[in-house]
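All of these numbers come straight from a predicted model, not from anything done at the bench. As the structure lists them, so they are numbered: ligands from 1, and atoms in each ligand from 1. Computed from heavy atoms alone, side chains included, the values below leave out hydrogens, waters and symmetry copies.
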Amino acid sequence: MASSSSSPSSQRSNSHRFTVGYALTSKKTKSFMQPKLESYARNKGITFVPINHNKPLEEQGPFDAILHKIYGRDWREALEVFSKRHPDVIVLDPPEAIQHLRSRQSMLQGVANLNLCHQYGKVGIPKQLVVTGGSLSAPELVTRAGLKLPLVVKPLLADGTANSHALSIAYDVPCLSQLDPPFVVQEFIKHGGLLFKVYVMGDSLNVVRRPSLADICVGNSGAHGLIPFPRVSSASAPAEESYLDPQTAELPPQQLLDSLARELRQRLGLSLFNMDIIRAREKLNNYYVIDINYFPGYGKMPDYEIFFTEFLLRLSKKC
Ligand SMILES: Nc1ncnc2c1ncn2[C@@H]1O[C@H](COP(=O)(O)OP(=O)(O)OP(=O)(O)O)[C@@H](O)[C@H]1O
Ligand SMILES: O=P(O)(O)O[C@H]1[C@H](OP(=O)(O)O)[C@@H](OP(=O)(O)O)[C@@H](O)[C@@H](O)[C@@H]1OP(=O)(O)O
Ligand SMILES: [Mg+2]
Ligand SMILES: [Mg+2]
């Protein structure tokens, strides 16, 4: 790897080791940088080194790759400047690519454009619109677009804050005027209360089942207005322990997921992300991507230390 200046960060690290600097939130450091990852990777010649994001990157290193998930403009700009000076250092992933996932509108655009229709199934996104607070109110916009109730309401920004995960179900249209824009309004897809988390690490894929929102029918439940709901799909409640509907619980066909992940990696310019996918109960051939997350909770994935180390080894061989 060529170096473009003589500062520590640009000197090539020891030729037979691959050094990965990491700049992660403390929550992410705890869940991801587990001793089993560090020791497995070390045995394969990979060293992880923490980056202090309050100090100039140029004074740290040298690095072969930088792994990061920190929100904020200062960090993004520092990394962009660093990357221009040191194009040989692999950045996982480039800040401008991650930006696509910060808006719940742009994050799903690649899936919508792809319009994947395979012999194994179709992949799309739920019908949705963005309310930005312009001259038309949310109820007017939803009525004009003909979105069907119930609706899932999500903050537009997916920036890792608690608020970005504060979602609600709208059982009627007028209640939408209570919310502060910007937000996304999405049709609720009945999917048997189960979703698939597809973890992507470069060209490897891992799929797990997670519990999801139970199927909702407007009218039958007696619910009305806006009802917030908690993070139902977190790993603390594995789907395996709850009742699984055999039709919607079957894992999506591997070929379909492979095509989808390969295309999205290219279109998004990302290597590290996961997708939440649901299968429509009323049209079993139809799969919907409802969420894409940058650098998700890999630490919860069985054998993640092996998959991640292999991913880094493949990268190191490409250098
Ligand atoms: N269109 C939809 N139809 C049915 N259920 C949905 C829909 N959108 C979201 N859900 C349910 O709401 C949950 C949270 O939605 P989403 O994944 O978009 O939020 P998030 O806060 O970004 O989640 P994460 O914690 O994965 O980042 C999903 O896991 C799923 O159970
Ligand atoms: O904290 P967890 O391990 O659950 O990981 C979650 C991760 O939080 P973290 O990045 O702070 O770790 C979330 O990131 P932000 O949207 O909040 O940025 C998002 O990617 C979730 O989808 C992940 O859950 P998973 O999809 O893997 O179940
Ligand atoms: Mg999600
Ligand atoms: Mg998300």
Side-chain angles (χ1 to χ4, degrees), residues 25 27-28 31 69 71 98-112 123-130 142 145 147-171 182-200 206-218 221 223 226-239 242 244-245 248-249 264 268 270 272-283 286-301:
T25 57
K27 174 178 170 245
K28 196 60 149 187
S31 70
K69 186 171 181 181
Y71 293 97
I98 298 171
Q99 282 295 101
H100 280 115
L101 301 189
R102 271 175 65 96
S103 149
R104 293 190 190 269
Q105 184 178 38
S106 55
M107 74 162 59
L108 299 184
Q109 203 52 54
V111 181
V123 183
I125 66 170
K127 231 171 147 185
Q128 69 171 30
L129 62 80
V130 182
V142 165
L147 294 192
K148 291 198 198 82
L149 292 168
L151 300 165
V152 188
V153 188
K154 311 182 182 188
L156 178 64
L157 267 191
D159 60 0
T161 56
N163 185 57
S164 72
H165 296 291
L167 275 57
S168 318
I169 296 289
Y171 286 88
F183 55 87
V184 168
V185 183
Q186 200 173 76
E187 283 188 348
F188 180 90
I189 310 285
K190 286 186 201 159
H191 58 282
L194 180 101
L195 67 70
F196 306 102
K197 287 240 170 214
V198 180
Y199 287 89
V200 177
N206 276 275
V207 192
V208 298
R209 292 188 186 91
R210 290 277 177 81
S212 183
L213 280 183
D215 291 343
I216 305 171
C217 290
V218 176
S221 62
L226 209 54
I227 313 252
F229 64 91
R231 290 183 79 173
V232 278
S233 308
S234 76
S236 49
S242 48
L244 297 180
D245 172 342
T248 42
L264 283 187
L268 294 168
L270 294 171
L272 300 177
F273 60 95
N274 75 0
M275 299 176 265
D276 292 351
I277 301 186
I278 55 181
R279 184 180 193 183
R281 197 160 184 184
E282 285 158 358
K283 260 192 174 177
N286 289 18
Y287 294 88
Y288 292 87
V289 178
I290 53 170
D291 185 26
I292 306 182
N293 301 293
Y294 175 62
F295 198 159
Y298 291 121
K300 294 172 288 190
M301 214 178 87

Quiz item: Which protein residues have a heavy atom under 4.0 Å from ligand 1?
Solution: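 Close residues (ligand 1, cut-off 4.0 Å): R104, P126, V152, K154, H165, L167, Q186, E187, F188, I189, H191, L195, K197, S212, L213, F229, R231, V232, S233, D276, I278, I290, D291, N293.
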
Donor-acceptor contact below 3.5 Å, side chain [X] vs main chain [Y]:
X    : Y    : answer
K28  : F295 : yes
Q186 : V152 : no
Y199 : L272 : no
R209 : L194 : no
S106 : H100 : yes

Quiz item: Which value, rounded to the nearest 0.5 Å, describes the distance between Q128 atom CD and L151 atom CG?
Solution: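 Reported value, rounded in 0.5 Å steps: 11.5 Å.
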
Practice problem: Could you tell me which residues satisfy side chain to side chain donor-acceptor pair (under 3.5 Å) with S164, sequence neighbours excluded, listed by chain and number? | Solution: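 So S164 forms no side chain to side chain donor-acceptor pair (under 3.5 Å) with any residue.
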
Quiz item: What protein N/O/S atoms sit under 2.8 Å from the Mg ion (ligand 3), by chain and number?
Solution: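 Counting only protein N, O or S atoms under 2.8 Å from the Mg ion (ligand 3), the list reads D276 OD2, D291 OD2.
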
Practice problem: With sequence neighbours left out, write down each residue that passes salt bridge (charged side-chain N to carboxylate O under 4.0 Å, His left out) with K69, or none if nothing qualifies. | Solution: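 K69: no salt bridge (charged side-chain N to carboxylate O under 4.0 Å, His left out) contacts found.
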
Exercise. Kindly give the heavy-atom pair with the smallest separation between C217 and K190, and that separation in Å.
Key: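 That closest heavy-atom pairing would be SG-NZ, 3.6 Å.
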
